[in-house]
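I have placed the structure first, in the form of structure tokens, so that the comments after it can refer back to it.
Computed over heavy atoms, backbone and side chain alike; hydrogens, waters and symmetry mates excluded. Here is how names work: the chains are called A, B, and so on, in the same order as the sequence lines, proteins then strands, and each is numbered from 1. Computed from a prediction, not measured in an experiment: that's the story for all the values here.
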Amino acid sequence: MNYWLLKSEPFVFSFNQLLQDGSGVWDGVRNYQARNFLRSMKEGDLGFFYHSNEGLEIVGIVEITKEAFPDPTFDGDRWSAVELIPVQKLNNPVKLSDIKQKAELKDMVLVNNTRLSVQPVTSSEWSIIMQMSGTDI
DNA sequence: GCCAACGTTGGC
DNA sequence: GCCAACGTTGGC
């Protein structure tokens with residue numbers, strides 16, 4: 001079981017939107033590093049849903065329900081997409097500024113490679129953030 | 001609005 | 001294959 005973090009600008013696609021829709025396709029990724037992470041996702045993996053630009057916080061948890069397939073917004077198999085469902089909204093969104101203050105989280109990709117939109121999260125990072133959010137799964 | 005970090009493009 | 005120029009992302 002692996003953990004991930006997915007970034008979206010809330011005015012493009014928000015966690016609330018995903019909750020409303022019931023499921024979503026994570027497409028439009030045009031970065032090789034991010035694509036490779038998409039391709040290594042397994043059904044049942046969990047991910048944080050992060051709002052970039054506005055909010056700057058982790059707002060919810062998603063679960064991968066369909067492993068990588070060709071991105072429907074692109075002609076060809078160069079880019080990939082996955083399907084996911086919302087699992088839960090965090091009781092307390094975890095802000096980037098709070099993450100940055102935690103010594104245990106200083107190595108998070110989110111902190112060190114701000115531009116990567118799909119990134120892995122270690123299980124210890126996952127549990128620390130879950131604790132900060134006051135949320136149980 | 002600015003700027004740092006990173007990715008991509010294209011000339012050589 | 002290198003590197004300068006440019007474009008984009010995203011935090012501040």
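- Among the heavy atoms of the strands lying under 4.0 Å from A:L56 are primed sugar atoms or P, OP1, OP2 only; no base atom is included.
- Within the helix from B:dG1-C:dC12 to B:dC12-C:dG1, the inter-axis angle between the opening and closing five-pair segments is 10°, rounded to 10°.
- When each of A:R30, A:R39, A:R35 is paired with A:D71, the salt bridge (charged side-chain N to carboxylate O under 4.0 Å, His left out) condition holds for A:R30 and for no other.
- Chain A approaches DNA chain C within less than 4.0 angstrom (heavy atoms of the protein), and the contacting nucleotides run 5' to 3' from C:dG7 to C:dC12.
- Taking the six-membered ring for Trp and thresholds of 30 and 60 degrees, A:F48 and A:W126 have nearly parallel ring planes, at less than 30 degrees apart.
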For this session: Show your reasoning for whether side-chain contact (heavy atoms from CB on, under 4.5 Å) applies to A:M132 and A:I128.
Result: CA-CA 6 Å; A:M132 291 165 77; A:I128 292 169; 4.0 Å; yes

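- The side chain to side chain contact (heavy atoms under 4.5 Å, CB included) with A:E63 is formed by just one residue from the set A:D45, A:I85, A:L84; it is A:I85.
- Between the side chains of A:Q20 and A:N16, not a single donor N or O lies within less than 3.5 Å of an accepting N or O.
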Exercise. Does the pair A:F49 and A:W26 meet the rule for a ring-ring contact (aromatic ring centres under 6.0 Å, His included), with working shown?
Worked result: CA-CA 11 Å; A:F49 195 115; A:W26 204 268; 5.5 Å; yes

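- Remark: the backbone N or O of A:F11 is not paired with any side-chain donor or acceptor of A:H51 at under 3.5 angstrom.
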For this session: Start with the C-alpha distance between A:W79 and A:F69, add both sets of side-chain angles, then the distance that settles ring-ring contact (aromatic ring centres under 6.0 Å, His included), and finish with yes or no.
Result: CA-CA 8 Å; A:W79 302 109; A:F69 54 91; over 10 Å; no

